[in-house]
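For the numbers below, each heavy atom of this structure counts, side chains included, while hydrogens, waters and symmetry mates do not. Just so we're on the same page: letters track the sequence lines, and every chain starts at 1. Everything numeric in this text was worked out from a predicted model, so none of it was measured.
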Amino acid sequence: MTTTERAVSPVPEQSPSEHVPGGRDIWFFVLFESLAFTAYFCVYLFNRTQHEQVFLLGQSHLLLWLGVLETIVLLTSSWAVASCVQDARAGRYDASKREALLTAGFGALFLVLKVIEWVRLIHAGHTFTSSEFFQYFFFLTVIHCIHLLIGFVVLGVLWYQLSDQKRRSQPTVEICATYWHSVDFFWVLIFALLYVVR
Amino acid sequence: MENGFNKRIFVAWLILVAISLVYLWIDHSATHQGIPTASTVVTVVAICFALIKVRIIMREFMEVRGAPRFLRRLTDYWVVLMAIALFGVYFVGIAVA
Amino acid sequence: MRRPALLDDPKRELWLAWYATIAFYTLYTVVFFIITRTQPPGKAWYTPTQVVGWFASRHEGLLIGFGLIFILGGLSATSIALITYSIRRMSVSRVFAYSYLIIYAVSAVPGFLFICVAMTVGAFRPGRDPEILRWIYDLGFLSFSGTMGVFLIGSLIWMVAILLDKNRVFPAWFGYLNLCNALTEVVVAPSWIFHTGVFAWNGVIAWWINVVVFGLYTGAFIFLLRNMILREDFGTGPLPDLLPPEGRGRMLAEFMSP
Amino acid sequence: MKRTGGERIIFWALPAVAVIWIVAFFLFPGFLPPMSPEWSAQRVAAFYADHTSRIRYSMILFNWFCVALIPILMLIVERMRGMAHRTPILRYCVIGVAGAAPIAFLTATIFWLLAAFRPHRAPALTQLYNDLGWITFTCGVPFLVALCLFLTVAIYLDGQARPVFAQWVGHFNFMIAIALMPAGFAGLTLSGPFAWNGFLSFWVKNLAIAVWLVVMAVVLGQSIGRDRLAEQISA
């Protein structure tokens, strides 16, 4: 352990156990929105058990590897924004800005993959109204993508904060990152429930 | 270490990616001749893995690890709450069906 | 003659608006959930014959309940005015306040006048062709649940104002709750597409989950508006009527005016 | 404060618009006497077939000009700035209902115009449009009621030595609000004073609106005139 390593420790230097990343308010959002998603998931899982064959049949039209790829892309963007927060905290704003761009890039890649997946499914005749499974599939993926699009606005705020010395505020950077991570873990849950659950 | 590369969150990322890849194998085990079959084990394992990933994301990426106790507790409770809700609904659903 | 204490309270206008807001939401809940039993909503998959039965079973309820809304529904403007005022107190442009005011003022017609008119028309002339009655039924429920954009954009405007505000009129968590509320307007969109299931206008997702979020949201802002009024400090300066006549309250009016 | 111009133009537009409203009111054959809700679908359809033109032109006039109420209400809102209030809350309340009030009436004209658009369709459909038009017109008073109540409160709270509007205008607005209320229950019955062609729901309600317009125009004119005088003296 070198001294530099301690400086970049994920725990901020000022009182370590007092620091709520991004402040409490954004955590209210994260927890509230996870409850809303959990409610959607519960409805999905319950109906799934009632019409198992329909859901299994619908699921067989998904490409699991594409879902895994999307997951990894989004996890990577999350990693990038986590590094961005730490670099910003350590004052390495150039690295921080680079990582913010990387985050947006992986986010955009996720979106492109998602659109390709939708187009492929729609061409194969699987739409929002075609079967019960695809109702949930399109509902959950679209509502998630709306969160992602809001995430791009949030990343814009992050960029705006980092790009000017006078504006740089670490709490705002953390708020933006916390939002982006929540979009990431909503996807982790959606992915498991739509693609893997049997 | 001058570039500020953080090994810990890199490892976290590696674990998350590894779990995601494990899904490919889990899925393989529940597909017979290209047709997916219902499996409670797969469902439970898939949801558990997802919740573990959520917790890792919260602890490492979202920096809950260094946060005050209430937040560490709260996020853990939340993961447990999601688990109870999802499994509860799933097993009630199976019982009803 | 002693004036009631409320009239001497410098915050009297705010309190009046706040109590009117409470009165409005109470009336709204009582009318929709108890008197007319239009919430939870009728089933979206009803056949025309079932719709006839639905109207028959709540004939008086619909006419009396919505009559009450026809009389007092305009009090909804008090909560809109209070919220507009709250945005005016924030360190953001007036554009936010005025946008919020006009969006919610306009939303009243499709958002709740249409359902009142439709259900009244449906109930007041029994013996109408069942197909036509179902058309009215659809108009009522879909205009009520399906008026989405105004609440979506309105919540987002309020959210941005709260998050930018430096005066801390509202806590930031409520700003984020606005986003959750805005997203429920996205979630309700499938009710324009499905007749049955969880996404229909009476479905578990499009109605039950949304109404819980909306209920929490409404409860939270009524509580926070009260806090805002309590914290409001007008000081003990002279009431405008004690200013010299040529002032005519203008000094204060100009200070507070848009 | 120098008032920016144009308020008097808006004010004097009111009589001109009122003339159009009166003309449209008399032109619509369904108002004098008001159509009965008891009419059969055939009779309603025949009525629209017989009077198609008058219905169309009168409702086009109303559709054009009912929204002209909004500038008048905004004049009142501007007068309210002079009231001894500590907050703009009551102004926002009035603005909040000022848009919806005429838009509710505009919706009614759309239903009537639709009814007259294809009068030879199935009678039950024409009756439906007719019902929608009449109920929207008769019951669509919540914003007017609230407007009068907000003005009542605003005037009562304006405790200056020389208030913008005298106390009696507050009492008056309250009475108008009461007079408008029975119309909300027009759906309960097809005949009698509460029916949409009845004494309370039609005559009292519409007379109340007319009287409100006249009285508020007069007090508004007086208030604007007083301010102009004060400005000329101080200038």
Contact part of [X] toward chain B, heavy-atom cut-off under 4.5 Å: side chain, backbone, both or neither?
X     : answer
A:Q59 : neither
A:R24 : side chain
A:Y44 : neither
A:S83 : both

Is there any residue in residues 176-189 of chain A with a non-hydrogen atom under 4.5 Å from a non-hydrogen atom of chain B, and which ones are they?
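Near chain B, by residue number: A:T178, A:H181, A:S182, A:D184, A:F185, A:V188, A:L189.
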Carefully, step by step, assess A:W27 and B:T75 under the rule side chain to side chain contact (heavy atoms under 4.5 Å, CB included).
CA-CA 9 Å; A:W27 281 95; B:T75 48; 3.7 Å; yes
Measuring heavy-atom distances to chain A, does B:L16 have an atom under 4.5 Å in its side chain, in its backbone, in both, or in neither?
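Both parts, heavy atoms under 4.5 Å.
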Under 4.5 Å heavy-atom distance to chain A, tell me which part of B:I19 shows up: side chain, backbone, both or neither.
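Neither; nothing under 4.5 Å.
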Backbone N or O of A:R198 within a donor-acceptor pair of the B:T43 side chain at under 3.5 Å?
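Confirmed, B:T43 side chain pairs with A:R198 backbone.
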What verdict does the side chain to side chain contact (heavy atoms under 4.5 Å, CB included) test give for B:F61 and A:W79, after you've listed the backbone C-alpha separation in whole Å, the side-chain angles of each residue and the deciding distance to 0.1 Å?
CA-CA 7 Å; B:F61 285 177; A:W79 175 32; 3.9 Å; yes
Most chain A-contacting option - heavy-atom pairs closer than 4.5 Å, from B:Y23, B:W78, B:F10:
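Among the listed options, the one with the most contacts to chain A is B:W78.
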Heavy-atom side-chain proximity of A:S34 to B:V54 below 4.5 angstrom:
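No, their side chains stay 4.5 Å or more apart.
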